[in-house]
Number of protein chains: 2
Amino acid sequence: MVDTKLCPKFESAFEILGKRWTGLIIKALLSGCHRFGDMSEMIPQMSDRMLVERLKELESAGIVKRTVYPETPVRIEYKLTDKGKDLGKVMDQVQEWADKWVEPPKKEK
Amino acid sequence: MVDTKLCPKFESAFEILGKRWTGLIIKALLSGCHRFGDMSEMIPQMSDRMLVERLKELESAGIVKRTVYPETPVRIEYKLTDKGKDLGKVMDQVQEWADKWVEPPKKEK
DNA sequence: ATACTTACTTACAAAATGTAAGAAGATGAC
DNA sequence: GTCATCTTCTTACATTTTGTAAGTAAGTAT
């Protein structure tokens, strides 16, 4: 064993990233999704309830900014802050790893 | 909105990384921890029960290899496979992001 | 026989997530 | 006016995951 403890900042980062859906939501935002409905469509396995909850968490973590446009019907935009955009590098590495190591799911047949 | 779906491989990667403790366990393994007790010590907030469960998942995902040394008392080593070691780059990016953006927790005065 | 070590198991409670229905606020159709 | 529509949530309740703490197994050593 080398160290006796992990870096607290690293741990803190994974309190966010290590929650279900968070990574996918950030990826969706990086891909240009900005609206609730867009994200909900892009990640259909996730329920709206979870999306609401995660977006609130990401907002209070300073990763996402929520803006209301009082049009009709109301439009609400979720955008990554600088802090959030900086997660792009993390996501790129995840994508690279996934491309190299994840074999496509062989569910059917 | 740009795309209509996320990359399935990316999603698959986050089925693992997006679980509580997984990131910290991989980081511990990258830091030179190899034994159950070491990891349990390095991540004291996590219970043994969870460590067992996550290690099994990581093993069946091909990220960790478990080896038994029938000494006394028994020694069991957990090591990252090549697939697992390749997550080092992801973890490095997380660390970089955390160093830049995570402010140290201001719990107690 | 008892104790000691490591690596788990098990049972049960608590918390997170899934599911599905509903609600609010502004509008337009009838 | 009343009904329906759209989007973004909210609520209630079931299911699943995680937390907590005690216990087990195998191999020594005392």
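Numbers restart at 1 for each chain; the letters A, B, ... are given by sequence-line order, proteins then strands. Here the structure is a predicted model, which is why all the values come from computation and not from measurement. Only this structure's heavy atoms are used, side chains among them; waters, hydrogens and symmetry mates stay out.
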> Just to verify, what does A/Ser12 make a side chain to side chain contact (heavy atoms under 4.5 Å, CB included) with, not counting sequence neighbours?
B/Val102

> Would you call A/Lys19 and A/Glu57 a salt bridge, using N to O less than 4.0 angstrom?
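Here A/Lys19 pairs with A/Glu57 in a salt bridge, since their nearest N and O are under 4.0 Å apart.
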
> Please report, rounded to the nearest Å, how far the P atom of D/dG27 is from the OH atom of B/Tyr69.
19 Å

> Spell out protein contact along nucleotides 7-19 of chain D as letters: B when the base is contacted, S when just the sugar-phosphate is, - when no protein heavy atom is under 4.0 Å; keep the 5' to 3' order.
SSBBBB-----BB

> State plainly whether the residues B/Glu96 and B/Lys100 are in salt-bridge range, i.e. N to O under 4.0 Å.
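No salt bridge links B/Glu96 with B/Lys100.
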
> Would you say B/Lys27 and B/Gln95 are linked by a side-chain donor-acceptor pair, where the criterion is simply a distance under 3.5 Å?
yes

> Does any N or O in the side chain of B/Thr81 come within less than 3.5 Å of the main-chain N or O of B/Lys65, such that one atom is a donor and the other an acceptor?
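No, the answer is negative, given that no donor and acceptor are paired below the 3.5 Å cut-off.
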
